[in-house]
Colleague: 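First the structure, then my questions, so here it is.
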Amino acid sequence: MISDKMNAALNEQVNKEMYSAFLYMAMSSQCDDMGLKGFAKWFMAQYHEEMFHAMKLYEYIHSQGGKVTLQSIDQPPAEFGSTLDMFTKTLAHEQMVTQSINNLMDLAIEEKDHATRIFLQWYVTEQVEEEENDNEIIDQLRLNDGNPQGLMMIDRELGQRGVNVPIDFSMGVSAGEE
Ligand code: FEO
């Protein structure tokens, strides 16, 4: 069971994860437009990850007898600058998401809601990984300093990224898992 306050706070997080998905889809489109297929693929994989994050929350809210109230999703920017600009914005966005997860965790602790605290632990770990990945890519892009040949190499490398999360949620986010 979750409190109404926790239900509302988790609902907000569903919206933030869905906005994240939109943001990365917008970046994917921009990369595609720039001819950077690997970057586009990376951001589209990130889109799927964010939808998975949203659906994990969706499912958890229901499992705790709560209800999901969907809210409108803000429009992401239509234009971005360089790939470095996109990853700098990605990192800043993820830091905001980390703060949001931390606030949820604070609420779970305050309410002595141990189930939600344990559930949120997954997101705490995920955020560490996401920020680390973004920082690594930013470092590579800074080192490359706009060199077109180097950029194509990074593009090839990012294009190796696959989608490691479920994308069909009709059977639930844990379908196929133990
Ligand atoms: Fe769902 Fe990128 O945090």
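Whatever order the structure lists ligands and atoms in, that order sets their numbers, starting from 1. As a basis for the values below, the full set of heavy atoms in this structure was taken, side chains included, without hydrogen atoms, waters or symmetry mates.
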Colleague: Would you please name every residue forming a side chain to side chain contact (heavy atoms under 4.5 Å, CB included) with Q75, sequence neighbours left out?
Modeller: none
Colleague: List for me each residue that meets side chain to side chain contact (heavy atoms under 4.5 Å, CB included) alongside L143, sequence neighbours excluded, and say none if there are none.
Modeller: none
Colleague: How about E50 and Q46: does a side-chain donor come under 3.5 Å of a side-chain acceptor?
Modeller: yes
Colleague: Counting neighbours of OH on Y60 that are heavy atoms of other residues, nucleotides or ligands and sit closer than 6.0 Å, is the number greater than 12?
Modeller: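 Atom OH in Y60 is packed in, count exceeds 12.
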Colleague: Could you list the residues that satisfy side chain to side chain contact (heavy atoms under 4.5 Å, CB included) with Q99, not counting sequence neighbours?
Modeller: N102, N103
Colleague: What are the protein N, O or S atoms, given as residue plus atom name, that sit under 2.8 Å from atom 1 (Fe) of ligand 1?
Modeller: E17 OE1, E50 OE1, H53 ND1
Colleague: Any carboxylate oxygen within less than 4.0 angstrom of a Lys/Arg side-chain nitrogen, looking at R161 and E49?
Modeller: yes
